[in-house]
Enquirer: 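The following block contains the structure, expressed as structure tokens.
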Amino acid sequence: IVVVGLNRPKAKNAISKNLVKMMFETMEDIKKNNKVRSVILCSLVPGIFCAGADLKERAKMHQSEVGPFVSKARALITELGNLPVPTIAAIDGAALGGGLEMALACDIRIASNTAKMGLVETKLAIIPGAGGTQRLPRVIGVSLAKELIFAARVVDGTEACRLSLVNHSVEQNKSGDAAYLRALELAREINPQGPIAIRMAKLAINQGIEVDLSTGLAIEEACYAQV
């Protein structure tokens, strides 16, 4: 089990150029290491998962830098989504904008009941730029995703679970890591299973969901042949 902990306490784990660079390096290390069975993405900062893009840094960027930075952040989140092993986002605090987009790229999301989540970009007169408009509807359905994005609505863990935005909502504890502990429990449940089988199951589901059923069944057959 590899635990990737976001730790920028002063900036509420906001996504900066440096964070993107470090996360890319971490993804590369995970991909190269065959011993990795599962990944938990969490925060080491109490009450915050990730507050989205670092707007203070962005305000200092030249206009010509903004586009490439957003592209890099989008590529990072795609990379996270393409990791071959199961990924679990443990959301013990606020996951807003790019922070929620990061969690949406994980296979499974677990939140504490008090965690706050939302794609709030329309408040800033922009739209989610790191996969939010694509992944949220795939997770909770088109109509609900539109409502959440259009209204820039923030929901708590309990409501997120009702919407199927997260798999589980757990009562937050005194140390503020209830979602992380539940994610650890789940990772320990996944880890004893056949590692190649898990990778192939993930591939079959991820690729199959994007195509028609008969193509999907052919993908399943090809993945089955690998195990």
Side-chain angles (χ1 to χ4, degrees), residues 1-16 18-20 22-24 26-27 30 38-57 73-74 76-81 83 86-121 123-124 128-132 135-136 139-140 145 148-149 152-187:
I1 300 171
V2 171
V3 178
V4 179
L6 303 172
N7 193 13
R8 293 191 69 210
K10 290 189 178 127
K12 298 183 174 172
N13 286 344
I15 302 165
S16 61
N18 193 39
L19 183 79
V20 169
M22 287 165 74
M23 286 277 291
F24 259 119
T26 306
M27 298 298 129
I30 291 169
S38 50
V39 174
I40 296 174
L41 178 64
C42 68
S43 161
L44 305 177
V45 182
I48 295 284
F49 176 75
C50 170
D54 189 333
L55 297 176
K56 283 183 183 155
E57 183 184 77
R74 186 184 298 120
L76 167 68
I77 290 175
T78 300
E79 198 66 16
L80 172 62
L83 282 179
T87 51
I88 307 167
I91 307 168
D92 272 304
L96 302 170
L100 181 55
E101 289 178 303
M102 214 183 271
L104 282 166
C106 292
D107 298 315
I108 295 163
R109 283 156 296 286
I110 296 174
S112 68
N113 59 337
T114 53
K116 299 278 185 273
M117 286 155 271
L119 293 177
V120 294
E121 285 86 348
K123 274 197 169 115
L124 305 171
R135 290 193 182 92
L136 188 63
V139 170
I140 67 170
L148 261 55
I149 291 171
R153 183 170 309 139
V154 173
V155 297
D156 64 17
T158 312
E159 174 73 353
C161 193
R162 200 182 61 76
L163 298 171
S164 295
L165 173 54
V166 300
N167 285 26
H168 307 281
S169 167
V170 289
E171 190 81 28
Q172 189 53 288
N173 59 24
K174 287 215 168 64
S175 48
D177 62 355
Y180 169 69
L181 294 176
R182 182 71 180 81
L184 210 47
E185 220 174 276
L186 179 57

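Along the sequence shown, residues carry numbers from 1.
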Enquirer: Atom NZ in Lys123, atom CZ in Arg153: separation rounded to 0.5 Å?
Expert: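 Taking NZ in Lys123 and CZ in Arg153, the distance rounds to 10.5 Å.
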Enquirer: A quick test of your reading: do over 12 heavy atoms of other residues, nucleotides or ligands sit less than 6.0 Å from NZ of Lys116?
Expert: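 Counting neighbours around NZ of Lys116, more than 12 heavy atoms of other residues, nucleotides or ligands fall under 6.0 Å, so yes.
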Enquirer: Show, in sequence, the C-alpha distance, side-chain angles and deciding distance for Leu163 and Val139, and conclude whether the side chain to side chain contact (heavy atoms under 4.5 Å, CB included) test is met.
Expert: CA-CA 9 Å; Leu163 298 171; Val139 170; over 6 Å; no
Enquirer: Can you tell me how far the CG atom of Leu44 sits from the CG atom of Asn13, to the nearest 0.5 Å?
Expert: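 Separation between the atoms: 7.5 Å.
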Enquirer: Suppose we screen for salt bridge (Lys or Arg N to Asp or Glu O under 4.0 Å). Which residues come up paired with Arg8, at least two apart in sequence or across chains?
Expert: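 Listed in chain order: Asp54.
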Enquirer: I need the Glu185 CD to Leu181 CG distance, nearest 0.5 Å.
Expert: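 Going from the CD atom of Glu185 to the CG atom of Leu181 covers 8.0 Å.
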Enquirer: Using atom types as modelled and distance alone, determine if a side-chain donor or acceptor of Asp92 lies under 3.5 Å from a backbone N or O of Ser43.
Expert: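 Checking the backbone N and O of Ser43 against the side chain of Asp92, no donor-acceptor pair under 3.5 Å is found.
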Enquirer: Less than 4.5 Å apart, side chain to side chain, heavy atoms only: is that true for Leu104 and Arg109?
Expert: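 Result yes, sub-4.5 Å side-chain heavy-atom pair found.
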Enquirer: So which atom in Ile77 and which in Ala130 form the shortest heavy-atom distance, rounded to 0.1 Å?
Expert: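 That would be CD1-CB, 3.6 Å.
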Enquirer: Taking side chain as C-beta onward, heavy atoms only, is Ile91 less than 4.5 Å from Met117?
Expert: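 The answer is yes, as the side chains (C-beta and beyond) meet within the 4.5 Å cut-off.
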Enquirer: Are side-chain heavy atoms of Met23 and Leu6 found at a separation under 4.5 Å?
Expert: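 Result yes, sub-4.5 Å side-chain heavy-atom pair found.
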Enquirer: Kindly indicate whether the side chain of Arg182, heavy atoms from C-beta on, has any atom under 4.5 Å from the side chain of His168.
Expert: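 In short, these two side chains touch, coming nearer than 4.5 Å.
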Enquirer: To the nearest 0.5 angstrom, please state how far the CZ atom of Phe49 sits from the SG atom of Cys42.
Expert: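 Going from the CZ atom of Phe49 to the SG atom of Cys42 covers 8.0 Å.
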Enquirer: State which residues pass side-chain contact (heavy atoms from CB on, under 4.5 Å) with Pro9; sequence neighbours excluded, sorted by chain then number.
Expert: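 Scan of Pro9 (side-chain contact (heavy atoms from CB on, under 4.5 Å), adjacent residues dropped) gives Asn7, Val45.
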Enquirer: If you look only at pairs with a residue in residues 165-180, which of them pass as a salt bridge (Lys or Arg N to Asp or Glu O under 4.0 Å), with sequence neighbours excluded?
Expert: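 Non-adjacent pairs meeting salt bridge (Lys or Arg N to Asp or Glu O under 4.0 Å): zero.
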Enquirer: Taking Thr87 for the side chain and Asp107 for the main chain, is one N or O donor matched with an acceptor at less than 3.5 Å?
Expert: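 Present.
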Enquirer: Does Thr158 have any side-chain contact (heavy atoms from CB on, under 4.5 Å) partners at least two apart in sequence or in another chain, and if so, which?
Expert: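 Residues passing side-chain contact (heavy atoms from CB on, under 4.5 Å) with Thr158: Asn113, Asp156, Ser169.
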Enquirer: With a 4.5 Å limit on heavy-atom distance, are the side chains of Ile88 and Cys106 in contact?
Expert: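 The answer is no, as the side chains (C-beta and beyond) never meet within the 4.5 Å cut-off.
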Enquirer: What residues form a side-chain contact (heavy atoms from CB on, under 4.5 Å) with Ile1, not counting sequence neighbours?
Expert: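 Partners of Ile1 under the side-chain contact (heavy atoms from CB on, under 4.5 Å) test: Val3, Ser38, Ile40, Leu184, Ala187, Arg188, Asn191.
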Enquirer: Just wondering, do Val20 and Ile15 contact through their side chains at under 4.5 Å, heavy atoms?
Expert: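 A side-chain contact under 4.5 Å exists here.
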Enquirer: If I take atom CG from residue Leu119 and atom CG from residue Leu96, how far apart are they, to the nearest 0.5 angstrom?
Expert: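 Rounded to the nearest 0.5 Å, the CG-CG separation comes out at 9.0 Å.
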Enquirer: Would you say Leu165 and Leu136 make side-chain contact, with heavy atoms under 4.5 Å?
Expert: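 SC-SC contact between Leu165 and Leu136 confirmed.
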Enquirer: Sub-3.5 Å donor-acceptor pair from the side chain of Gln172 to the main-chain atoms of Ser112, do we have one?
Expert: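 The answer is no, because no donor-acceptor pair under 3.5 Å joins these two groups.
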Enquirer: For residues Ile110 and Ala179, report the shortest heavy-atom separation together with the two atoms involved.
Expert: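 Looks like O-CB, 3.6 Å.
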Enquirer: Of all residues at least two apart in sequence or in a different chain, which pass the side-chain contact (heavy atoms from CB on, under 4.5 Å) check with Val2?
Expert: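 For Val2, the residues satisfying side-chain contact (heavy atoms from CB on, under 4.5 Å) (neighbours in sequence not counted) are Val4, Ile30, Val36, Val39.
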